[in-house]
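Please read the structure below before turning to the comments.
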Amino acid sequence: MGLLSGKATCNTHGQDSSYFLGWQEYEKNPYDEVQNPTGIIQMGLAENQLSFDLLESWLARNPDAAGFKRDGQSIFRELALFQDYHGLPAFKKALVEFMSEIRGNKVTFDTSKIVLTAGATSANETLMFCLAEPGEAFLLPTPYYPGFDRDLKWRTGVEIVPIQCTSLNGFQITETAIEEAYQLAQKRHLKVKGVLVTNPSNPLGTTMSRNELNLLVNIITEKNIHLISDEIYSGTVFSSPGFVSIMEILKDRNCENTQVWNRVHIVYSLSKDLGLPGFRVGAIYSNDDMVVAAATKMSSFGLVSSQTQYLLSALLSDKKFTQNYISENKKRLKQRHRKLVSGLEKAGISCLKSNAGLFCWVDMRHLLRSNTFEAEMELWKKIVYDVKLNISPGSSCHCTEPGWFRVCFANMSEDTLKLSMQRLKAFVDSITTTLHNQSNHQSIKNSRRRSLTKWVFRLSFDDRVTGER
Amino acid sequence: MLSRIASCDSHGQDSSYFLGWEAYENNPYDQLHNPSGIIQMGLAENQLSFDLLESWLASNQEAVELKRNGESLFRELALFQDYHGFPDAKKELVKLMARIRGNKVKFDPNKLVLTAGSTAANETLMFCLADPGDAFLLPTPYYPGFDRDLKWRPGVEIVPIHCSSSNGFRITISALENAYQQAQTLNLKVKGVLITNPSNPLGTAMTHQELNHLINFSKSKRIHIVSDEIYSGTVFDSPSSSFISIMEAVMDRNIDESDDLWSRIHIVYSLSKDFSMPGFRVGMIYSNNERVVSAATKMSSFGLVSSQTQYLLSRMLSDKKFTCNYMKENRKRLRKRKEMLVSGLKVAGIRCLKSNAGLFCWVDMRHLLVSNTFEAEKELWKKIIFEVGLNISPGSSCHCNEPGWFRICFANITEETLQVALQRIKVFAQSCNPQMLLLQRRSIIGKWISKLSSSSSYDQEPDR
């Protein structure tokens, strides 16, 4: 008889994926400007470190919020005892208003439909428990956040079936891709309970187009399944075409109070927009009363600390602060994104055109020895160990095309970013030289031309598809 | 459209434990605004020592300002989501746990996993130790929340180890064996025993004998022992605590370090009861089993403790002088309050199980039942809620197999409110059918006399 459970002994927690292995290498030899200037630079961590000064100065001006005080009076007792899984009312109100603000106030949210959870990690798992039986499946567009392999599957027993997206159309979701995913699920004898998308996308850094969103609504209506929209990066959209929430699409299509309305659920968190992953603040928003009721009870297993709920209710209720924060944060992200893109350009590397997130989806296909995942792994290892940059290989995100990498830009200083780009350029130059000497000069020129052409094509394609601001 | 577990009701939310709560919410007692409202005595909260916590906070602002020696730690804490936990917090927590056990046991911070409350800790242990359909044995009566925490999402079954008042609800070898047999009959694979020590709802710390029965049982069946020691800091015997942790009991048996019994012992703890901070969600699992620690650590991703909170408690607990004084004073106040409840109930002719821990008493109202049935218990309970105006927890909601027992909390209300409650109980008890009462009392007194001569399970005058 096994002493431990199947879940404790298996490895579907996904912890052995390269996503985490690269992290481990970084931990052994982390870059530090002064102490370890030749160490590995962490570019695999999607953290937002650009706007802490704004938060810190607010805290300094508002000591009551962290000091368990309201209007100078101590409310420590009240907060220490507050474990109601319905959440602190003032915090829920401030949070839904903040979510609304991020969506340009085109959508409003109801506090009775929001469930607080210890991070989006908890929110996503909880939704799986609520919407699917063990052995059932959710469709996810690839490439996707590697953590989903743990969060959605591990303890819930839910399966993930990929909706394969490709660089041919900028990795956008197509009807064909969804149908193929459905067929794949059928072949595996899996009942599909829904689709889960991350919008804006991790790792692509792009917002979903209206076309894609409408396509999703059509599919879930036709197949009578759920849609989960993980909008954790919604506050990081720094340039056009701007963020369109699934809720906005439903409103535009007059879906309120229809059956499909009840099958759309949003996940949110303050980990990316506000840069507070340590505080464990996540949320599920659902129009389905039963989902809200079940998820609320399940949140007992991961409530948000009342100490934290109170601090953030004060922060987010300060509308002057939130408005300024949202716009300043975007500005900084945009600037930093541009620095990464131009740094990559100088190294002859292009990325997917993106307008959101804390990372770029980078095309290094032309640096692969062959169009295989083995070659991608080889390249990745060189980049981690020789170039000393921890970036995330596309295969860890289940990308179907070798050669793509996610590179983060918001979790380090500008100087460190500059250095990383210098290292990368030096590396690319050296490869080019080597390959040149191996008389593959012509084929590189050809492949660069091809990449350049694709890039140009993509730029014009995206404009055509997206178009609106 | 939804999953089975989302649509079913095995989250236990419909049990009377929660229904009484609802009744209270609709008509809560307030000294000024609603003096005839229902008094909440069903909530195991410790509200007696907040002044001590608040005064510490007032003199240690850095802990909430997220500073250390004048330097801001905001950035570091905001980004800290490492599921290995804030090192200082774990260091202090294991020291605290050792102190509570009179430093007879030492704990290693690397074997500690932080979770969002013991609710998350218990559920996580089920996910780690059992597959869906497996079973854990629990002594009755037990905390009603376990029906949700252990069963709901992990799909684990609970098989009761029936304990009875004939021996003060102590766990016996035959009760353990019977439970095991029952599980076999139900075709359930038993993965372990889960005990709460000190017990909720009994308020008693386990004896050496009980712990040894459990250890023998675990050895012979090769199963786990999960010891939820969430009330370990509330043991208020004096002069020294008679709390024996499962760790200490195993140590006392001089079991070799290599014996795999060690890998089957797991402790759950939390700051919700001892430190009155249920809102801050600070729980933990302690295990000697590396694989359990490893799996539980990864699972804690689904319920990490806020880094803001981890920092606060690492500072608070590192203040040894404060912590020791707090624990001592807190226990003193709990003891005093318990004695007030016990003597007030005595005046009403109601006895409690002799207890030395917890935030509640296990109260014997069997003599107030019209019949020895759970229907009669339900009837009595409804009377107590709606006529007497006290929300107390009926034994049936704790899976007690004898009708007539109730859990009454004493640490979540003021002294004045407790006096009001006791007054109401006195009046109620006196109003119960005197003839019936007399007959019942006569037979019960007879039983008492024989019981008193054999054991002292009932709480008499408090020991000095």
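Basis for what follows: all heavy atoms, side chains included, without hydrogens, waters or symmetry-related copies. So you know, we letter chains A, B, ... as the sequences are listed, proteins then strands, and number each from 1.
Other residues, nucleotides and ligands place no more than 12 heavy atoms under 6.0 Å from the CD atom of B:Glu290. The 12-atom threshold is not exceeded at CD of A:Gln259, counting heavy atoms of other residues, nucleotides or ligands nearer than 6.0 Å.
For the options B:Glu65, B:Arg291, B:Glu76, B:Arg281, heavy-atom pairs under 4.5 Å to chain A are most numerous at B:Arg281. Ranked by heavy-atom pairs under 4.5 Å with chain A, the list B:Gly303, B:Ser306, B:Ser307 is led by B:Ser306. Counting heavy-atom pairs under 4.5 Å between each of B:Thr124, B:Val305, B:Leu2 and chain A puts B:Leu2 at the top. For the set A:Gln49, A:Met290, A:Lys193, the count of heavy-atom pairs under 4.5 angstrom toward chain B peaks at A:Gln49. In terms of heavy-atom pairs under 4.5 angstrom with chain A, the leader among B:Gly192, B:Gly279, B:Ala121 is B:Gly279. Ranked by heavy-atom pairs under 4.5 Å with chain B, the first of A:Met298, A:Arg155, A:Gln309 is A:Arg155. Of the listed residues B:Thr309, B:Leu79, B:Val64, the one with more heavy-atom pairs under 4.5 angstrom with chain A than any other is B:Leu79. Between chain B and the options A:Phe301, A:Phe52, A:Phe82, A:Phe68, the largest number of non-hydrogen pairs under 4.5 Å is found for A:Phe301. Of the residues considered (B:Cys128, B:Pro132, B:Ala295), B:Cys128 shows the highest number of contacts with chain A, using heavy-atom pairs under 4.5 Å.
Heavy atoms of A:Glu78 lying under 4.5 Å from chain B are absent altogether. Both the backbone and the side chain of A:Leu303 have a heavy atom closer than 4.5 Å to some heavy atom of chain B. In this structure, chain B has heavy atoms under 4.5 Å from both the backbone and the side chain of A:Pro277. For A:Gln307, the parts lying under 4.5 angstrom from a heavy atom of chain B are both the backbone and the side chain. Of the two parts of A:Phe279, the backbone and the side chain both hold a non-hydrogen atom closer than 4.5 Å to a non-hydrogen atom of chain B. Looking at B:Phe127, the atoms closer than 4.5 Å to chain A (heavy atoms on both sides) sit in the backbone and in the side chain alike. Contact annotation for A:Ala66: both backbone and side-chain heavy atoms come within less than 4.5 Å of a heavy atom of chain B. Using a 4.5 Å cut-off between heavy atoms, B:Ser301 touches chain A through backbone and side chain atoms alike. For a residue to count as touching a neighbouring chain, one of its non-hydrogen atoms must lie under 4.5 Å from one of that chain's; by this rule A:Leu274 does not touch chain B.
Under 3.5 Å, the side chains of B:Thr297 and B:Ser300 contain no donor-acceptor pair of N or O atoms.
Both cation-pi conditions hold for B:Lys221 and B:Tyr180: the charged atom is under 6.0 angstrom from the six-membered ring centre and inside a 45 degree cone around its axis.
Using a 4.0 Å cut-off between charged side-chain N and carboxylate O, B:Glu62 and B:Arg315 make a salt bridge. A salt bridge links B:Arg222 and B:Asp260; the closest N-O separation between the charged side-chain nitrogens and carboxylate oxygens is under 4.0 Å. The residues A:Arg77 and B:Asp51 are annotated as not salt-bridged, no charged nitrogen and carboxylate oxygen being separated by less than 4.0 angstrom. Between B:Arg68 and B:Asp88, at least one side-chain N (NZ, or NE/NH1/NH2) sits under 4.0 Å from a carboxylate O, which counts as a salt bridge.
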Check the pair A:Val195, A:His226 against side-chain contact (heavy atoms from CB on, under 4.5 Å), reporting the backbone distance first and the verdict last.
-> CA-CA 6 Å; A:Val195 181; A:His226 295 273; over 6 Å; no

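Taking the six-membered ring for Trp, A:Tyr310 and A:Phe91 have ring centres at least 6.0 Å apart.
Screening A:Asn224, A:Thr221, A:Asp288, A:Asn287 against A:Arg263 for a side chain to side chain donor-acceptor pair (under 3.5 Å) leaves a single residue, A:Asn224.
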